[in-house]
Amino acid sequence: AEDLLSTADLPRLLFERSPVPMSIQGDDYRLIDVNDAYCEFTGYPREALLGRDPVDVMLPEVGARLGAQRRAYDWARQPVLVSSDQTLRR
(Lines give C-alpha, C1' and ligand atoms only; values in the text may rest on other atoms or scores of the structure.)
Protein backbone atom coordinates (compact mmCIF):
# COMPACT_ATOMS: atom_id res chain seq x y z
CA ALA A 1 0.00 0.00 0.00
CA GLU A 2 1.15 3.52 -0.80
CA ASP A 3 1.95 5.77 2.12
CA LEU A 4 0.20 9.01 1.23
CA LEU A 5 0.92 12.24 3.04
CA SER A 6 -2.18 13.78 4.52
CA THR A 7 -2.79 17.49 4.01
CA ALA A 8 -2.86 17.90 7.78
CA ASP A 9 0.75 16.64 7.96
CA LEU A 10 2.07 19.16 5.44
CA PRO A 11 2.62 22.19 7.74
CA ARG A 12 4.55 20.05 10.23
CA LEU A 13 6.62 18.47 7.46
CA LEU A 14 7.46 21.89 5.99
CA PHE A 15 8.47 23.16 9.44
CA GLU A 16 10.68 20.17 10.18
CA ARG A 17 12.38 19.96 6.78
CA SER A 18 12.77 23.65 6.01
CA PRO A 19 16.36 24.83 5.44
CA VAL A 20 15.26 28.12 7.01
CA PRO A 21 15.63 28.39 10.81
CA MET A 22 12.10 28.36 12.25
CA SER A 23 10.66 28.39 15.75
CA ILE A 24 7.29 28.20 17.45
CA GLN A 25 6.99 30.45 20.48
CA GLY A 26 4.42 30.83 23.23
CA ASP A 27 2.76 34.04 24.35
CA ASP A 28 5.71 34.55 26.70
CA TYR A 29 8.09 34.28 23.70
CA ARG A 30 9.64 31.07 25.04
CA LEU A 31 10.49 28.41 22.48
CA ILE A 32 7.96 25.61 22.18
CA ASP A 33 9.59 23.95 19.18
CA VAL A 34 12.45 24.58 16.76
CA ASN A 35 13.45 22.89 13.53
CA ASP A 36 16.85 21.36 12.77
CA ALA A 37 17.89 24.46 10.79
CA TYR A 38 17.27 26.62 13.89
CA CYS A 39 19.47 24.31 15.96
CA GLU A 40 22.20 24.44 13.35
CA PHE A 41 21.92 28.24 13.08
CA THR A 42 22.20 28.80 16.83
CA GLY A 43 24.65 25.99 17.52
CA TYR A 44 22.46 24.66 20.34
CA PRO A 45 20.73 21.27 20.50
CA ARG A 46 16.92 21.32 20.57
CA GLU A 47 16.81 20.23 24.24
CA ALA A 48 18.90 23.26 25.25
CA LEU A 49 16.59 25.66 23.38
CA LEU A 50 13.10 24.50 24.32
CA GLY A 51 11.59 26.58 27.11
CA ARG A 52 14.14 29.37 26.65
CA ASP A 53 13.66 32.88 25.37
CA PRO A 54 15.45 33.20 21.99
CA VAL A 55 17.01 36.44 23.26
CA ASP A 56 19.15 34.24 25.52
CA VAL A 57 21.11 32.94 22.52
CA MET A 58 21.34 36.21 20.57
CA LEU A 59 24.14 38.73 20.48
CA PRO A 60 23.42 41.37 23.17
CA GLU A 61 22.77 44.18 20.67
CA VAL A 62 20.33 42.04 18.68
CA GLY A 63 18.58 40.89 21.86
CA ALA A 64 18.24 44.48 23.06
CA ARG A 65 16.68 45.52 19.74
CA LEU A 66 14.26 42.61 19.85
CA GLY A 67 13.39 43.40 23.47
CA ALA A 68 12.46 46.98 22.48
CA GLN A 69 10.30 45.69 19.61
CA ARG A 70 8.53 43.28 21.94
CA ARG A 71 7.82 45.97 24.51
CA ALA A 72 6.28 48.15 21.80
CA TYR A 73 4.22 45.23 20.51
CA ASP A 74 3.07 44.21 23.98
CA TRP A 75 2.16 47.80 24.81
CA ALA A 76 0.09 48.10 21.63
CA ARG A 77 -1.84 44.92 22.54
CA GLN A 78 -2.89 46.21 25.97
CA PRO A 79 -6.52 47.22 26.39
CA VAL A 80 -7.22 50.82 27.25
CA LEU A 81 -10.02 51.42 29.73
CA VAL A 82 -12.37 54.08 28.41
CA SER A 83 -15.19 53.62 30.87
CA SER A 84 -16.27 50.94 33.28
CA ASP A 85 -18.23 49.12 30.55
CA GLN A 86 -16.17 49.86 27.43
CA THR A 87 -12.68 48.73 26.48
CA LEU A 88 -10.79 49.60 23.31
CA ARG A 89 -7.63 48.10 21.96
CA ARG A 90 -4.91 50.32 20.54
Side-chain angles (χ1 to χ4, degrees):
E2 265 185 58
D3 187 20
L4 298 177
L5 179 66
S6 110
T7 320
D9 296 331
L10 190 57
R12 184 73 191 165
L13 186 64
L14 291 172
F15 173 81
E16 290 174 353
R17 295 193 181 170
S18 174
V20 176
M22 300 172 82
S23 67
I24 300 172
Q25 298 176 19
D27 289 341
D28 61 355
Y29 301 109
R30 300 214 173 269
L31 294 168
I32 295 171
D33 199 3
V34 295
N35 66 0
D36 290 340
Y38 192 96
C39 294
E40 186 177 326
F41 177 73
T42 63
Y44 288 90
R46 180 174 281 103
E47 300 77 32
L49 292 166
L50 299 184
R52 291 180 73 179
D53 188 321
V55 169
D56 295 344
V57 298
M58 294 179 176
L59 294 172
E61 59 273 14
V62 176
R65 216 172 32 245
L66 180 58
Q69 291 171 346
R70 286 178 178 176
R71 285 188 296 280
Y73 174 74
D74 289 341
W75 180 84
R77 290 182 12 198
Q78 297 302 312
V80 177
L81 186 59
V82 175
S83 70
S84 60
D85 62 345
Q86 183 182 27
T87 303
L88 300 175
R89 293 183 85 64
R90 292 186 186 261

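As the structure is a computational prediction, the values presented were derived from the model and not from experiment.
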Counterpart residues, side-chain contact (heavy atoms from CB on, under 4.5 Å), relative to Ala48 (two or more places apart): Tyr44, Pro45
By salt bridge (charged side-chain N to carboxylate O under 4.0 Å, His left out), which residues pair with Glu16, not counting sequence neighbours? Arg12
Please name all residues satisfying salt bridge (charged side-chain N to carboxylate O under 4.0 Å, His left out) with Asp56, sequence neighbours left out, ordered by chain then number. Arg52
Interatomic distance, CG@Leu13 vs OG@Ser6, rounded to 0.5 Å, equals 10.5 Å
Residues 37-47 vs salt bridge (Lys or Arg N to Asp or Glu O under 4.0 Å), sequence neighbours excluded, gives Asp33-Arg46, Asp36-Arg46
Non-neighbouring partners of Arg17 that pass salt bridge (charged side-chain N to carboxylate O under 4.0 Å, His left out), sequence neighbours left out: none
Pro19 and Ala37 have their tightest heavy-atom pair at O-CB, 3.4 Å
With sequence neighbours left out, what residues match Thr42 under side chain to side chain donor-acceptor pair (under 3.5 Å)? none
List, by chain and number, the other hydrophobic cluster members for Tyr29, where Ile, Leu, Val, Met, Phe, Trp and Tyr join if side-chain heavy atoms come within less than 4.5 Å, directly or indirectly. Tyr73
Pro54 versus Leu31, closest heavy-atom pair with distance: CG-CD2, 3.7 Å
Tell me whether Ser18 contacts the main-chain N or O of Val20 through its side chain, where contact means a donor paired with an acceptor under 3.5 Å. yes
Return the set of residues passing side-chain contact (heavy atoms from CB on, under 4.5 Å) with Thr7 (not counting sequence neighbours), or none when no residue passes. none
With Arg65, which residues qualify under side chain to side chain donor-acceptor pair (under 3.5 Å), at least two apart? none
Is Ile32 reachable from Met22 through a run of hydrophobic residues whose side-chain heavy atoms are each under 4.5 Å from the next? yes
By salt bridge (charged side-chain N to carboxylate O under 4.0 Å, His left out), Arg70 pairs with (sequence neighbours left out) Asp53
Contacts of Asp28 meeting side-chain contact (heavy atoms from CB on, under 4.5 Å) (sequence neighbours excluded), chain-then-number -> Arg30
List, by chain and number, the other hydrophobic cluster members for Val62, where Ile, Leu, Val, Met, Phe, Trp and Tyr join if side-chain heavy atoms come within less than 4.5 Å, directly or indirectly. Val55, Met58, Leu59, Leu66
